[in-house]
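Data block below; observations after.
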Amino acid sequence: MANRELVVLGTASQAPTRTRNHNGYFLRWDGEGLLFDPGEGTQRQMLFAGVTASQVTRVLITHFHGDHCLGVPGVLQRMSLDRVPHPVRAYYPAADAEVFWRLRHASLFHDTLTLVEHPVDGDGVVADRTDGAGSDGFRLEARALSHLVPAVGYRLVEPDGRRMLRDELAARGIAGPDVGRLRRAGRLVTSGRLVTLEEVSVPRRGQRFAFIMDTRLCDAAFELADGADMLVCESTFADADAALARDYGHLTAGQAGQIAAASGARLLVLTHFSQRYETGPPERLRDEAAAAFTGEIALAADLDRIPVPKRKP
């Protein structure tokens with residue numbers, strides 16, 4: 001099982017189809033499990049995908065249209081049923097906090113879950129695990145998008161670090177706990193000689209993940225996608241239906257490709273497909289994105305497991 005991977009639980013847009021469930025995306029990131037936009041049926045899709053309620057540490061909702069949130073009651077109640085021992089953090093647009101409250105209390109159940117709510121009100125960092133979190137620390141950021149209702153996109157950023165060079169460490173006789181001391185302090189005296197971190201390591205760029213759902217083209221979408229190793233982006237419409245996309249606050253596949261290309265993304269995951277294209281060739285939307293983006297493109301299908309690209313050497 002990959003330490004960092006996207007488990008696709010659903011890929012439909014407004015209406016589910018025979019082959020596509022409503023939205024749902026589980027990002028496994030080291031010891032964290034981030035559940036994005038759990039639409040109707042997400043709890044059952046989790047069973048099919050082998051994702052347990054106890055693996056979820058954060059629930060992130062971009063907006064409160066039903067295909068992005070109607071799975072919230074079932075997922076949270078399953079967490080209570082399974083007596084998930086850790087706190088679960090929930091993020092959602094602050095303007096619609098009352099809707100989250102209704103979902104949270106949609107039915108009667110024995111509530112044992114410690115749910116910590118983080119209404120998102122404005123752009124910026126909404127969670128910071130970089131201090132004292134070790135090598136799996138990250139910042140979680142949000143930006144307001146351009147949809148018909150309040151909507152936000154999310155971005156996970158791992159801080160830049162350094163990769164230790166084994167040969168250089170060995171040449172200086174540095175091993176075991178001394179490696180950690182050198183990494184933390186930036187310098188170490190060994191055998192009467194001062195060794196600096198720069199001598200035995202090279203810069204290592206932190207990985208980035210971006211999640212962009214219902215929105216028109218806007219600056220925030222490009223900011224979220226900037227430098228993403230994996231960009232999950234809605235592509236509700238084909239390019240021929242660009243006017244409909246604009247009117248309903250959505251992107252076309254070609255526009256998703258534009259965002260990925262301009263932002264230097266490495267892997268573009270297309271999802272959130274309109275049911276109008278269900279009977280056509282699925283490669284159509286990928287081809288339209290590829291006209292703008294020459295990098296790797298994945299056309300998401302329900303229950304896909306897509307690894308976050310490995311770090312560049």
Side-chain angles (χ1 to χ4, degrees), residues 9-14 22-27 32-40 42 56-77 79 87-106 113-129 138-157 208-226 228 231-236 245-251 255-256 259 271-272:
L9 302 173
T11 55
S13 55
Q14 188 176 38
H22 266 161
N23 286 283
Y25 310 87
F26 179 75
L27 177 65
E32 292 259 2
L34 295 85
L35 179 63
F36 291 86
D37 279 5
E40 184 179 351
T42 292
V56 177
T57 58
R58 300 174 194 263
V59 177
L60 302 95
I61 300 168
T62 60
H63 65 292
F64 285 104
H65 279 150
D67 53 321
H68 296 261
C69 70
L70 284 178
V72 168
V75 169
L76 295 184
Q77 291 177 35
M79 290 178 180
V88 174
R89 302 185 180 277
Y91 306 84
Y92 54 82
D96 289 320
E98 182 180 350
V99 180
F100 184 83
W101 188 92
R102 292 174 183 172
L103 292 168
R104 176 81 172 96
H105 303 283
L113 179 65
T114 301
L115 186 70
V116 183
E117 297 183 31
H118 299 269
V120 177
D121 186 11
D123 297 344
V125 176
V126 295
D128 192 337
R129 288 194 61 246
F138 61 80
R139 291 191 314 277
L140 184 63
E141 303 173 358
R143 297 283 189 282
L145 295 172
S146 175
H147 193 41
L148 304 181
V149 299
V152 297
Y154 296 98
R155 161 185 171 88
L156 188 152
V157 180
R208 301 179 184 185
F209 170 88
F211 187 81
I212 299 172
M213 282 294 121
D214 301 17
T215 184
R216 304 176 183 90
L217 275 180
C218 60
D219 290 344
F222 291 91
E223 293 167 2
L224 289 165
D226 183 39
L231 165 60
V232 179
C233 191
E234 69 123 315
S235 52
T236 309
R246 182 186 62 251
D247 291 345
Y248 289 103
H250 284 289
L251 296 172
Q255 289 170 336
I259 294 171
T271 187
H272 195 275

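Excluded from the calculations below are hydrogen atoms, water molecules and symmetry mates; all remaining heavy atoms, backbone and side chain alike, are included.
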Q: Quick one: closest heavy-atom pair of D123 and A144, and the distance?
A: OD1-N, 2.8 Å
**Q.** Spatial distance of atom CG (L251) from atom SG (C233) [nearest 0.5 Å]
**A.** 5.0 Å
Q: Drop me the distance from D214's CG to H250's NE2, to the nearest 0.5 angstrom.
A: 4.0 Å
Q.
Is there a side-chain contact between R129 and E32 in this structure, where contact means two heavy atoms from C-beta onward sitting under 4.5 Å apart?
A. yes
Q: Could you go through the side-chain contact (heavy atoms from CB on, under 4.5 Å) check for H272 and N23 one step at a time?
A: CA-CA 7 Å; H272 195 275; N23 286 283; 3.3 Å; yes
**Q.** Passing candidate, side chain to side chain contact (heavy atoms under 4.5 Å, CB included) with I259, options L224, T215, L231
**A.** L231
Q. Regarding Y248 and T236, is there a side-chain donor-to-acceptor distance under 3.5 Å anywhere?
A. no
Q.
Suppose we screen for side chain to side chain donor-acceptor pair (under 3.5 Å). Which residues come up paired with E117, at least two apart in sequence or across chains?
A. Y92
Q | L217 side chain reached by Q255 side chain, heavy atoms, under 4.5 Å | A | yes
Q: Specify the closest pair of heavy atoms between L76 and F100, including all atoms of both residues, with the distance to one decimal.
A: CD1-CZ, 4.4 Å
**Q.** Within-4.5 Å side-chain heavy-atom neighbours: V232 and L27
**A.** no
Q: Show the numbers, then the answer: is there a side-chain contact (heavy atoms from CB on, under 4.5 Å) between V116 and V88?
A: CA-CA 6 Å; V116 183; V88 174; over 6 Å; no
Q | Among F26, Y154, F36, Y91, the one residue meeting ring pair (Phe, Tyr, Trp, His ring centres under 6.0 Å) with F211 | A | F36
(Q) Using side-chain heavy atoms (C-beta onward) and a distance below 4.5 Å, is L60 in contact with L140? (A) yes
Q) What are the two closest non-hydrogen atoms of G10 and T271, and how far apart are they? A) O-OG1, 4.2 Å
Q: Report the C-alpha distance between H22 and L70 in whole Å, list the side-chain angles of each, state the deciding distance to 0.1 Å, and finish with yes or no for side-chain contact (heavy atoms from CB on, under 4.5 Å).
A: CA-CA 9 Å; H22 266 161; L70 284 178; 5.6 Å; no
Q) Sub-3.5 Å donor-acceptor pair from the side chain of D67 to the main-chain atoms of A12, do we have one? A) no
Q: Identify the heavy atoms of A210 and A225 that sit nearest to each other, and give their distance.
A: CB-CA, 4.0 Å
Q. Is D226 atom CG crowded by more than 12 heavy atoms from other residues, nucleotides or ligands, each under 6.0 Å away?
A. yes
Q: Please test L9 against L35 for side-chain contact (heavy atoms from CB on, under 4.5 Å), starting from the C-alpha separation and ending with a verdict.
A: CA-CA 10 Å; L9 302 173; L35 179 63; 3.8 Å; yes
Q.
Tell me if the CD atom of E40 is crowded by more than 12 foreign heavy atoms within 6.0 Å.
A. no
Q | Qualifying residues under ring-ring contact (aromatic ring centres under 6.0 Å, His included), relative to H63, sequence neighbours excluded | A | H65, H68, H147
Q) Can you name the nearest heavy-atom pair linking A221 to I212, along with the distance? A) O-CD1, 3.3 Å
**Q.** Test item: R102 and F64 side chains (from C-beta on) under 4.5 Å apart, heavy atoms
**A.** no
(Q) Whether the side chain of R216 engages the backbone of R246 through a donor-acceptor N/O pair (distance < 3.5 Å, no angle test) should be reported. (A) yes
(Q) Please find the pair of heavy atoms, one from D37 and one from I61, that lie closest to each other, and give the distance. (A) OD1-CA, 3.3 Å
Q.
For a 4.5 angstrom cut-off between non-hydrogen side-chain atoms, does L145 reach T62?
A. no
